[in-house]
**Q** 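Input: one structure, supplied below.
Both ligands and their constituent atoms are indexed starting at 1 by order of listing.
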Amino acid sequence: MANADLLLEGLSSQQREAVIAKAPLLIVAAAGSGKTRVLTHRIAYQIATQTTRGTQSVAISFTRAAAWEVSRRLYRLLDGPPPQCGTFHSLALGLVREGSAMLGRPVPRLIGDSNGLLGDLGFKLSEARRRVVFAEIERLRARGHDLTSLQENPDLVSIPNPHELISVCSTLERAKSRQRLMDLTDVLRIATELVARNDGVGEALRLQARWVYIDEFQDVNPLQLRLIEQWMGTDLSGLTVVGDPNQSIYGWNGSDPALMTSLATRIPTLTRVALSTNYRSTAALVAAANPVADHQLLGRVQAHRQGGQAPELLATDSVAAEAQLAARRIAELHYRGVPYSSMATLARTIRQLAPIEEALRRLDIPHSILGLTPLASAPEVIALMRTAKTERLQITEICDMVEEALNSTSPERAANQRILLEVATELRRQDPIADYLALEELLRGLQVRGVDAVSVTTFHRAKGLQWHHVHLVGIGDKSYPSRRGLPVDALAEERRLLYVAMTRATDSLLISWSKPSLAPSSLLAHLGRGEENAPTQSIRSHGAPSLATRLDRWRVAVAKERRLASYLILSDADLRKLARIRPSDKESLLAMVTTPLLAESPELADRLFAELARVG
Ligand SMILES: Nc1ncnc2c1ncn2[C@@H]1O[C@H](COP(=O)(O)OP(=O)(O)OP(=O)(O)O)[C@@H](O)[C@H]1O
């Protein structure tokens, strides 16, 4: 058992107050204020002081990776098995399996979503309409509406032709029931019905959730909240929730930030504590992000760290030039000793990531796209995961399979398989009834461990993570938010998304855009227009190639020849210096450059000078 006083060490006074406060408790917390630290210390502190019991406590996170992190930290803090930790879906699936076993009922087969069924049901919908209808059905279900409530009140549907949607919904429900299938939303609904039962089954399940801790509460939807209320037996006195209203970014998934504001009305005895200090970012970055946030609930966020540089704003000529800028900036920082893994390039949409990836590949910069870890993309791991998927394996079977594979593999392939086994074994410990889907999700969400790679991902996927140097692309006046005339709610969500993205940086933040945008997004009007950072020649990508572009082509060609990263042939700093100063002889060139390989190789210096003379 952990020593309770030790669990309060290293916490700020605000954080300590949140750890020891009486439940039910709402912690309204700023970005970078140490939510995970507070939540895990609170759970451990309450168990250590015997205010709660671990066997009747449940911690809920939004992603498997976050749940994994909470469980890992609790294991350390408690020096023993932690309480149940999981996502809404993994915990609900556990309830469905347990409740069904107690009732002697078969568990319906789980499908990711019902979208795939639509095609077989004879609906002649265009692909675009089908997507819109399906997204709206899911939003309505997450808001707690079912087929009956839609039939009674078609006005709930917010897209044209509600009767078509109701008919699709009704056919889907019939198809799922006929084929004994459940999708992820059904899992939440069935779990809620089970825990609300007025019999021994309901009672046994409710015993598990006397104390419940929910992270990222701003993203909870009404369906999820209903499950928790019923699981706690409608006695919410043991509830702790932590969230940041400025980071609510899942409106499309039915989440409702108003649930956070209205919690005090639902629970009159609610205690409220604020964590308003950001420990992550420098003061300059906190000052830049503050005006993007809404301060109604939390007030202005304070910075714990002093000083720092304001975000750098850069205009570029094209999407390709912006991607080159991203790659060059990373190469330059790495050249100065910054590990790749402490840098990230973030964009609003997945589509915007492709040119970034291309530019990074050209400079041989190791990167991880969308959090797909090098582990998850290793062929030997892909092969094992494919078998797990085809055979729909449970976590115990996956562990056995990986162990078996390890016995008959080469040393090079063994390294990744060993990490896979480590991850799968930990998942089995945390969630013995997890399956291949859970492992797949976990592999996707894990921050790259022990591998030096730049993260390239979307704003949504960057939530909860941090890097020393962050570059946000596509933040121009004509590109962010992407559509004009968005409804007020959607615009507010885009603002919060930008806030999430900006607050991922600990030390430096670069924000760029490309034509037709000529200035940064209007959401950043407080940061100035960025003319002082007008693009250098090397990041202009149209018109006659500049000297910098030609030198870049030269170094890429030489790098290919020598199978080296191009910045090792000629660093960005040297490239810009040469393009600006254009040395007239080889001696001046050598006196000017600092790229080690160039300084040490007369042959390379000769070739570079010849190239300069040819194009200059
Ligand atoms: N009391 C503290 N003293 C020093 N550093 C702290 C303290 N609390 C948290 N930190 C550090 O601040 C950083 C942000 O913490 P954390 O990631 O838990 O924040 P968060 O509230 O979850 O942020 P977000 O919601 O923006 O993802 C981490 O590097 C963490 O180690």
**Q** Leu465 to ligand 1: N or O pair under 3.5 Å?
**A**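 It does not: no N or O of Leu465 is found under 3.5 Å from an N or O of ligand 1.
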
**Q** Will you find, in the side chains of Gln46 and Tyr213, an N or O donor that is under 3.5 Å from an N or O acceptor?
**A**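 Yes, because at least one side-chain N or O of Gln46 sits under 3.5 Å from a partner of the opposite role on Tyr213.
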
**Q** Under 3.5 Å, side chain of Thr316 to main-chain N/O of Trp513, donor-acceptor pair present?
**A**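 Between the backbone of Trp513 and the side chain of Thr316 there is a qualifying donor-acceptor contact (under 3.5 Å).
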
**Q** If the contact criterion is a heavy-atom separation under 4.0 Å, does Glu216 count as touching ligand 1?
**A** no

**Q** So which atom in Ser512 and which in Leu325 form the shortest heavy-atom distance, rounded to 0.1 Å?
**A**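 Minimum heavy-atom contact is CB-CD2, 4.0 Å.
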
**Q** Can you list the atoms of ligand 1 that are under 4.0 Å from a heavy atom of Gly10?
**A**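 Answer for ligand 1: 1 (N).
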
**Q** Can you establish whether the number of heavy atoms outside Arg305 located under 6.0 Å from its atom CZ is more than 12?
**A** yes

**Q** If you have a sec, work out which protein heavy atom is nearest atom 11 (C) of ligand 1 and how many Å separate them, to one decimal?
**A** Tyr279 CB, 3.8 Å

**Q** Which atoms form the tightest heavy-atom contact between Val454 and Ile365, and what is the distance?
**A**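 So the two residues come closest at CG2-CG2, 3.8 Å.
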
**Q** For Thr36, take its heavy atoms, then give the atoms of ligand 1 lying under 4.0 Å from any of them.
**A**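 Those atoms are 18 (O), 22 (O).
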
**Q** Considering the heavy atoms of Arg504, write down every atom of ligand 1 situated less than 4.0 Å from one of them.
**A** 24 (P), 26 (O), 27 (O)

**Q** For Ala67 versus Cys85, what's the shortest heavy-atom pair and its separation?
**A**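 Closest heavy-atom pair between Ala67 and Cys85: O-CB, 4.0 Å.
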
**Q** Show the nearest heavy-atom pair for residues Asp452 and Ser341, with the distance to one decimal.
**A**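 In terms of heavy atoms, the two residues are closest at OD1-N, 2.8 Å.
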
**Q** Please work out which of His304, Gln466, Arg280 has its closest non-hydrogen atom nearest to atom 28 (C) of ligand 1.
**A** Gln466

**Q** Return yes or no for this condition: an N or O of Ser33 is under 3.5 Å from an N or O of ligand 1.
**A**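 By distance alone, the answer is yes.
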
**Q** Within ligand 1, which atoms have a heavy atom of Gly34 less than 4.0 Å away?
**A**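 In order of numbering, the contacting atoms are 9 (C), 15 (O), 16 (P), 18 (O), 19 (O), 20 (P), 21 (O).
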
**Q** Can you see whether Thr87 engages Ser90 through a side-chain donor-acceptor pair at a distance of less than 3.5 angstrom?
**A**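 Yes, Ser90 and Thr87 have a side-chain donor paired with an acceptor closer than 3.5 Å.
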
**Q** Tell me, which protein residue and heavy-atom name are nearest atom 20 (P) of ligand 1, and how many Å apart are they?
**A**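 Nearest neighbour among protein heavy atoms for atom 20 (P) of ligand 1, to 0.1 Å: Lys35 N, 3.6 Å.
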
**Q** So, Arg73 and Thr36: side-chain donor and acceptor under 3.5 Å apart, yes or no?
**A**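 Note: Arg73 and Thr36 side chains miss the donor-acceptor criterion.
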
**Q** Identify the closest protein heavy atom to atom 31 (O) of ligand 1: which residue and atom is it, and at what distance?
**A**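 The closest one turns out to be Arg37 NH2, 3.5 Å.
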
**Q** Could you see which bit of Gln247 sits under 4.0 Å from ligand 1, with heavy atoms only: side chain, backbone, both or neither?
**A** side chain

**Q** Could you list which atoms of ligand 1 come closer than 4.0 Å to a heavy atom of Gln15?
**A** 1 (N), 2 (C), 7 (C), 8 (N), 9 (C)

**Q** Does Ala29 come within less than 4.0 angstrom of ligand 1, counting non-hydrogen atoms of the residue?
**A**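 Judged by the 4.0 Å heavy-atom criterion, Ala29 does not count as contacting ligand 1.
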
**Q** Could you identify the single nearest non-hydrogen protein atom to atom 23 (O) of ligand 1 and state the distance to 0.1 Å?
**A**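 The protein heavy atom lying closest is Gly32 N, 2.9 Å.
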
**Q** Closer than 3.5 angstrom, by distance alone: can the side chain of Glu357 be matched with the main-chain N or O of Ala354 as a donor-acceptor pair?
**A** no

